[in-house]
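Reading through the structure tokens given below for one structure.
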2 protein chains.
Amino acid sequence: MSVAVENFVKAIYNNDKHDIKDTKPGNIAKKLGISNAAATDMAKKLAARDLLNYEKYQELQLTDKGVKMALNVIRKHRLWEAFLFKMFDMSLHDIHREAELLEHQTSDLLAEKISAYLGHPKFDPHGDPIPNANGEITTKDTSISLSEAMEGKTYTIARLMSDDKEFFEFCTQNGIKYRNTLTITKQFSGNKMTQILVGTNTIVLNEDFTKNIYVEEH
Amino acid sequence: MSVAVENFVKAIYNNDKHDIKDTKPGNIAKKLGISNAAATDMAKKLAARDLLNYEKYQELQLTDKGVKMALNVIRKHRLWEAFLFKMFDMSLHDIHREAELLEHQTSDLLAEKISAYLGHPKFDPHGDPIPNANGEITTKDTSISLSEAMEGKTYTIARLMSDDKEFFEFCTQNGIKYRNTLTITKQFSGNKMTQILVGTNTIVLNEDFTKNIYVEEH
DNA sequence: TTTTATTTTTAAGTAAGCTTAAATATTTTA
DNA sequence: TAAAATATTTAAGCTTACTTAAAAATAAAA
């Protein structure tokens, strides 16, 4: 299974989970930074390998086999994140970047060794759940996007979902991290801007940032 | 720099160091498990990129740039070996296999973090020297192949050079490991067979194994 | 030294993973 | 609902990293 295939399957899986459901080739292409034509092409090839269902102009749907592959890669990614986070003093963004590469070159054996070393953690440093060796996520996710949360309420940060370096730098600088607490002090004009309180810091976020922050009721 | 290029350059470097010097495409091809034609092809391409000097029917010679690339990859390989060896209970062969993959997906930053964590080690678990971040090997190598060592003498094991799983299993089972001591008790018919004493074990090795064991005078 | 065996090189071809440009279908909006 | 905008697909083409088969050169053996 090549890097391109693993990334394609992973992109569909992640998109399916977290975006406004749009798994058509164009949207996957955008996530992967490839052309629409390349994505359509790949979709056809993966359909032939029973990793996804493809019908012209329709959404791409992973088969069980495709989901299994995605979860296997995601497991390795998140284990690497947890491991690097524990071992080395590196930014969340740098850790993410390393994991993005290492995930494709990690045997199931090594993944298991890392998992055991960490005490089989259920979450990575962003708060994302780590699938077990069978590709099952045993924790249930009750988190909501901060852009959908309610003014006046206090939440626990459940996940930080982003590939963007600036987002993580911003979070680090402002105490926005996994398991910290925040309160929504004010929402402006249809949730386009959100004012939050983290520790003693009052911060105003726009939607580009709030949509990446997932929280749970306190 | 692709995996194929890194492995090609690495194969020339390693071969140049340790084999009866033969860096012609055919020999490199054999090491990499590709066809002679593919190796010739690659040699021409890498010559165009100033990584090696290529002249028809002649030995391939790495340029300074090529050596630098090789040492950068080798550094990452050996750091991973040292790191995995320290962290996890895995066989030397499994560790080698993981490192063979991870070496190509490791940033200089991560390599430096691993090196620092280990206290900037000078040798990996096979006894191979680890180049520093500038691609310099600061230790001088005075080891010789066991197949060239002398009967009756006692040596310290300096390096175990092999990709072969059975070789490492054999070594592990018989106490043949980095920094252990061995004595050559008998040599047979022009060094084709060598009898050694390791701890309380007497072992007879054929040349396929002795050529992979490097030793230093005691 | 000449023949034979081995290597190296060239040539032609393949698969994966991309690209751009044009054709076709779908979606939006007026 | 028809026109305009957008997205998807098809088609043609490129690069990398291989392959096999044949030609050419080198190395070994008689």
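Just the heavy atoms: all of them, side chains too, but no hydrogens, waters or symmetry mates, feed the values below. Convention: sequence-line order gives letters A, B, ...; per-chain numbering from 1.
What separates CG of D22(B) from C1' of dT6(C) is a distance of 13 Å, to the nearest Å. If you measure from atom NZ of K44(A) to atom C1' of dT10(D), you get 7 Å, rounded to the nearest angstrom. In this structure, CG of L32(A) is placed 18 Å from P of dA16(C), rounded to the nearest angstrom. To the nearest angstrom, C1' of dT16(D) lies 16 Å from NE2 of H104(B). When rounded to the nearest whole Å, the span between CG of N27(A) and P of dT27(C) equals 14 Å. Rounded to whole Å, atom C1' of dA27(D) lies 13 Å from atom CD of E59(B). Regarding E55(A), its CD atom lies at a distance of 12 Å from the P atom of dT26(C), rounded to whole Å. Protein atom CG of D41(A) is 16 Å distant from nucleotide atom P of dC14(D), rounded to whole Å.
Here T40(B) does not reach the OP1 or OP2 of dT10(C): none of its side-chain N or O atoms lies under 4.0 Å away. An OP1 or OP2 oxygen of dT10(D) is reached within less than 4.0 angstrom by a side-chain nitrogen or oxygen of K56(A). Proximity of N36(A) to the phosphate of dT8(D): a side-chain N or O atom is located under 4.0 Å from OP1 or OP2. Side-chain N/O atoms of S35(B) include none lying less than 4.0 angstrom from OP1 or OP2 on dT20(D). Regarding contacts with the backbone of dT27(C), a side-chain N or O of K24(A) is found under 4.0 angstrom from either OP1 or OP2. Taking 4.0 angstrom as the limit, Y54(B) places a side-chain polar atom (N or O) nearer than this to OP1 or OP2 of dT9(C).
Backbone-only engagement by A4(A) is indicated by non-hydrogen atom pairs under 4.0 Å involving sugar-phosphate atoms exclusively. Looking at heavy-atom distances under 4.0 Å, A37(B) makes contact with a base.
Comparing dA21(D), dT19(C), dT10(D) by their closest approach to the side chain of A38(A) singles out dT19(C). With dA25(D), dC18(C), dG17(C) as the candidates, the nucleotide lying closest to the side chain of Y57(B) is dA25(D).
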Check against ring-ring contact (aromatic ring centres under 6.0 Å, His included), H126(B) and F168(B) | CA-CA 10 Å; H126(B) 298 107; F168(B) 285 119; 5.0 Å; yes
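A salt bridge links D41(B) to K45(B): at least one charged side-chain nitrogen sits closer than 4.0 Å to a carboxylate oxygen. Between D50(A) and K65(A), none of the side-chain N atoms (NZ, or NE/NH1/NH2) sits under 4.0 Å from a carboxylate O, so this pair counts as no salt bridge.
Using the six-membered ring where Trp is involved, F88(A) and Y117(B) have ring planes that are perpendicular, over 60° apart on the 30 and 60° scheme. Using a 30° and 60° split on the angle between ring planes, F209(A) and F167(A) fall in the perpendicular class, above 60°.
Take the nearest nucleotide of DNA chain C for Q58(A) and for G33(A): the residue whose nucleotide is more 5' is G33(A).
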